[in-house]
Engineer: 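Can you read through this structure? Questions will come right after.
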Amino acid sequence: MAYSCTSLLLLSFLILYGSLPLSQSNQFCDAGVGYTESTCGFSSTSSSKLLIKGGTVVNAHNQEVADVYVEDGIIVAVRPNIKQVDEDVTLLDATGKYVMPGGIDPHTHLAMEFMGTETIDDFFSGQAAALAGGTTMHIDFVIPVSGSLVAGFEAYKKKAKKSCMNYGFHMAITKWDESVSREMEIMVKEKGINSFKFFMAYKGSLMISDELLLQGLKRCKSLGALAMVHAENGDAVFEGQNRMIDLGITGPEGHALSRPPVLEGEATSRAIRLAKFVNTPLYVVHVMSIDAMEEISKARKSGQKVVGEAVVSGLVLNDSGLWNPDFITAAKYVMSPPIREAGHDKALQAALSTGVLQLVGTDHCTFNSTQKAFGIDDFRKIPNGVNGIEERMHLVWDTMVESGQISVTDFVRITSTECARIFNIYPRKGAILVGSDADIIIFNPNSSFEISARTHHSRTDTNVYDGRKGKGKVEVTIVGGRVAWQDNELKVAPGSGKYIELPPFSYLFDGIDKADAKYLSSLQAPVKRFSAS
Ligand code: URP
Ligand code: ZN
Ligand code: ZN
């Protein structure tokens, strides 16, 4: 793990924030040139000029050899042979390398209170890890406070004060009444949130009923917000868990056995059908099984607007780790829906390469070994979640591009562009175009990566991808026109991150009103009847 740190001021800021124990306080920051003392973040006034020379610029729609010139956080030119005119331009040589949009992770949980504890990565450590892995923006899930969306939003605003990159928010809906419905409007119209997540699992905590889901889908539609679902049948999962405990299966393998793919398939199908009934777009998060993927495939073929999100753990892991005789090793793989038997991983890769699934997230939700040990005697108490925010770009490259399943332009689409389009911030994000934000990575396809819990930047002490090696390496990460990762070193500061508002009515809503009008005109009802004389 390589960091540099030179400022006592920044150090005291971190300690003041109470986020880092003293022993960790010097791990992430470089308060050298370019940081203002007042915020310990990037200076908002100083100009920054970058010239990236000689790389192959890759967008989702094409690739070309070109230089990229950046000023004050914005891409101002993309063309061959840009000359360095000013002395204060920082030059980056990308010859033989790819210059791509920074990754956007659509699914993370930083500083999330969950299952009686809180994720070990907060908005600083999680984002620092992301930047080291080439991700420059993520969208995190706000959890309401006592059902209140406004209170939840305020709480997450506070948590995110220590951010060092771009972030946006989704909002979970955990109960239903008039005030939730009103607050959804406030979130969309005033707070920059354009998606709401409904948990069909986690009975007794986050789980919602079909009745609530229906109300939520209708409200999402009227606001132009995207409805998202965690699709597992929570009642059946509860039954499955009791079944395992009755059988004396209390270890991490009981987690997978208690919630088989059929329960994910059922809930996915149910959510898709309810979204069809309401005629509103649906986003299915963390698709982990063939069962769920096939439901999405069927719906998409029929013309329904359903987005399927793959996550790295589902693409590259199988459930064998859950049977490891060492509890901590096995418990680190516990997430929901569970990591499936071998075969599901390959099928999900194929679905991603053929467009059945459209993008890749991580569901980064980290708990350390001490936290995972809460469930030493009962798998139901193991906090659910795995890491991935730092590893996603490398693993997707190695698994999908190096294996020949997708092209380099596809890589950009599934790790960045499609997410920007779905959440309505393209081409500001997800593109290397004139006028886009300068969130850029320089990727060396001829280098290699190796993942290790000893060297990763997450605060957790385990890594579900520990020991994985592969081809390709993010050598430079630029966020908002500033170099945040170079020469295996992070140059980040808390407070320098930017909240990105996500506007409603993305392209997924195009044609929804026309389909509604067509439906209404097709009804041939009410039928005018003669009253009996
Ligand atoms: O196990 C998981 N996925 N933890 C995070 C919460 C969720 O369901 O997304
Ligand atoms: Zn979930
Ligand atoms: Zn999640």
Side-chain angles (χ1 to χ4, degrees), residues 105-122 126 130 138-144 152 156 167-174 195-208 213 226-234 237-238 241 252 254-256 258-259 261 263-264 267-268 271 282-289 292 307-315 317 319 321-322 330-340 359-368 371-372 374-375 379-389 392 419 458 460 462 464:
D105 188 339
H107 188 157
T108 60
H109 303 277
L110 300 182
M112 181 205 198
E113 286 153 48
F114 187 47
M115 296 186 72
T117 183
E118 184 169 325
T119 57
I120 195 81
D121 277 324
D122 62 16
H138 70 114
I139 314 181
D140 209 83
F141 289 89
V142 173
I143 307 296
Y156 269 72
Y167 63 96
F169 287 141
H170 314 285
M171 171 72 70
I173 300 296
T174 53
S195 50
F196 295 94
K197 180 175 178 185
F198 302 88
F199 288 91
M200 300 169 81
Y202 303 123
K203 187 173 167 133
S205 59
L206 300 171
M207 180 172 145
I208 48 88
L213 181 56
L226 184 56
M228 311 174 86
V229 282
H230 170 131
E232 284 185 290
N233 185 317
V237 167
F238 185 69
Q241 289 174 328
H255 178 74
S258 68
R259 43 207 311 158
L263 302 188
E264 190 186 344
T268 305
L282 183 73
Y283 182 111
V284 183
V285 306
H286 49 40
V287 177
M288 297 296 282
S289 65
V307 175
E309 174 199 84
V311 286
V312 185
S313 49
L315 290 174
L317 297 173
D319 69 349
L322 288 161
K332 76 177 175 181
Y333 294 102
V334 168
M335 67 167 287
S336 296
I339 296 163
R340 305 297 185 185
L359 73 171
V360 187
T362 61
D363 198 5
H364 184 83
C365 183
T366 46
F367 301 100
N368 65 18
Q371 293 170 302
K372 289 279 184 181
F374 294 164
F379 68 83
R380 294 171 298 181
K381 296 184 182 148
I382 301 170
N384 289 196
V386 300
N387 64 293
I389 203 166
R392 179 182 71 126
C419 183
S458 161
T460 190
T462 63
V464 291

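Counting from 1, the numbers follow the sequence of the chain as shown. Below, all heavy atoms of this structure are taken into account, side chains as well, without hydrogens, waters or symmetry copies. Remember, it's 1-based here, ligands and their atoms both numbered in the order they're listed.
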Engineer: Is it the case that D105 and H364 place a side-chain donor and acceptor less than 3.5 Å from each other?
Structural biologist: no
Engineer: How is the N/O/S atom of H230 that comes nearest to the Zn ion (ligand 2) named?
Structural biologist: ND1
Engineer: Relative to the heavy atoms of M335, which atoms of ligand 1 are at a distance of less than 4.0 Å?
Structural biologist: 1 (O)
Engineer: In terms of side-chain heavy atoms, does T119 have a donor or acceptor partner in H109 at a distance below 3.5 Å?
Structural biologist: no
Engineer: By number and element, which atoms of ligand 1 are closer than 4.0 Å to a non-hydrogen atom of D363?
Structural biologist: 2 (C), 3 (N), 5 (C), 9 (O)
Engineer: Tell me which one of N384, V285, I143, V386 gets a heavy atom nearest to atom 4 (N) of ligand 1.
Structural biologist: N384
Engineer: May I ask you to check whether F169 and Y167 place their ring centers less than 6.0 Å from one another?
Structural biologist: yes
Engineer: Using only N, O or S atoms, tell me which atom of D363 is closest to the Zn ion (ligand 3).
Structural biologist: OD1
Engineer: Under 4.0 Å, heavy-atom basis, I'd like to know which part of K197 is in contact with ligand 1: side chain, backbone, both or neither.
Structural biologist: side chain
Engineer: Can you tell me how the ring of F141 sits relative to the ring of H107, calling it parallel under 30°, perpendicular over 60° and tilted otherwise?
Structural biologist: perpendicular
Engineer: Pick out which of L317, D363, L315, I339 makes a side chain to side chain contact (heavy atoms under 4.5 Å, CB included) with M288.
Structural biologist: I339
Engineer: Among all protein non-hydrogen atoms, which one is nearest to atom 1 (O) of ligand 1, and what is the separation to 0.1 Å?
Structural biologist: S336 N, 2.8 Å
Engineer: Quick check, are the ring centers of F367 and F374 under 6.0 angstrom apart?
Structural biologist: no
Engineer: Quick check on the Zn ion (ligand 3): does H107 put an N/O/S atom closer than 2.8 Å to it?
Structural biologist: yes
Engineer: How far is atom 8 (O) of ligand 1 from its nearest protein heavy atom, and which residue and atom name does that atom have?
Structural biologist: Y202 OH, 2.6 Å
Engineer: Is any N, O or S atom of H109 under 2.8 Å away from the Zn ion (ligand 3)?
Structural biologist: yes
Engineer: What residue and heavy atom of the protein are closest to atom 9 (O) of ligand 1, and at what distance?
Structural biologist: H109 NE2, 3.1 Å
Engineer: Determine the minimum heavy-atom distance between Q371 and E118, stating which atoms define it.
Structural biologist: NE2-O, 2.7 Å
Engineer: Do S458 and N387 have side-chain N/O donor and acceptor atoms under 3.5 Å apart?
Structural biologist: no
Engineer: With heavy atoms under 4.0 Å as the rule, classify the contact between H230 and ligand 1 as side chain, backbone, both or neither.
Structural biologist: side chain
